[in-house]
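All residue numbers in this chain count up from 1 along the given sequence. Below, each value reflects all heavy atoms present in this structure, side chains not excepted, and no hydrogens, waters or symmetry copies. First listed ligand is number 1; within each ligand, the first listed atom is number 1.
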Amino acid sequence: MNRNPFVPLREDFADIVNDRSGVRLLQDGFQFLEGPVWSPAAGGLIFSDIPADTMYLWREGQGCSVFRTPSRHANGNALDPQGRLLTCEHGSRRVTRTETDGSITVLADRFDGKPLNSPNDLTVQSDGTVWFTDPPYGIEPEQQELDGRFVFRLAPDGMLEAVLTDFVKPNGIALSPDERVLYVSDTEDARHHIRCFRLQDGVRPVDGDIFRIIGPGKSDGFRLDESGRLFTSAGEGIWVLDAAGALLGKIQVPEVPSNCAFGGSDGRTLFITARTGLYAIDLSVRGASVVPGIWA
Ligand code: MG
């Protein structure tokens, strides 16, 4: 266990630190991990090993087991307000919902009559609206039929709309806890930043601005705590940013992280997917969630 992973850069970083906590390796030996999400229904953390074409479930005291294989090269995962699992699938180029009986419903696989590129990550609003990114990481260049790499808004009535069209490789995506701000990262080499947008009338991202340039490394994925701090993957670990984009401090991780998610019964454990390993660290703050009453 890495006993001193916290690198404070501002005094109020102390608010997130749990002094007794270190970064724990929960399981290694994976190929490339992504898409962590805490699922009370499954009883633990669901996450994706993209090249292994498998999703896993980690449970306290029980370790890891296969959750779904083949996973159609699943990447990002999230819960909807009913606690159902939503998944971005690279291989089948679609976004799905896993129903409580285990059956799978396709939420989106085409736009304008053409296949999506390879949905990467997603976030859900309390009214059930799904926002997802569609970069080309899961396809060959000649397979791209859409004339862009869009950020999509999937309305509760099923209407799919390309709401942001000037990204090169839109990747991580999340909403502020009050759902007034949408954050989206662009992991294109020349950009590697997170942008923020005000949500006009709760549906239209406007006033886009660069929230934070990430480097070294990129912001593949990120989550927010219930106070609106943003926890993102970066080259040397997890960066913790305040709502103005200021860097409060870093959490060092033994491998380069891809993404993170709050979980545990009280929502104060940050799970980190990092290449071949799944890690966790206990914090003093609780994650934001669209599922009412998710944390004990
Ligand atoms: Mg990603």
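- For N120 atom OD1 and E34 atom OE2, the angle they make at the Mg ion (ligand 1) is roughly 140°, to 10 degrees.
- Contact annotation: D220 places an N, O or S atom under 2.8 Å from the Mg ion (ligand 1).
- Among the atoms of N171, an N, O or S atom falls under 2.8 Å from the Mg ion (ligand 1).
- Applying the side chain to side chain contact (heavy atoms under 4.5 Å, CB included) test between F152 and each of L160, V130, L164 identifies L160 as the sole match.
- With S284 as the fixed residue, the side chain to side chain contact (heavy atoms under 4.5 Å, CB included) test singles out one of N18, V17, D15: N18.
- Residues T87 and N77 bring a donor and an acceptor atom of their side chains to less than 3.5 Å of each other.
- Ion pair D189/K218 flagged as a salt bridge, since at least one NZ, NE, NH1 or NH2 atom sits closer than 4.0 Å to an Asp/Glu carboxylate oxygen.
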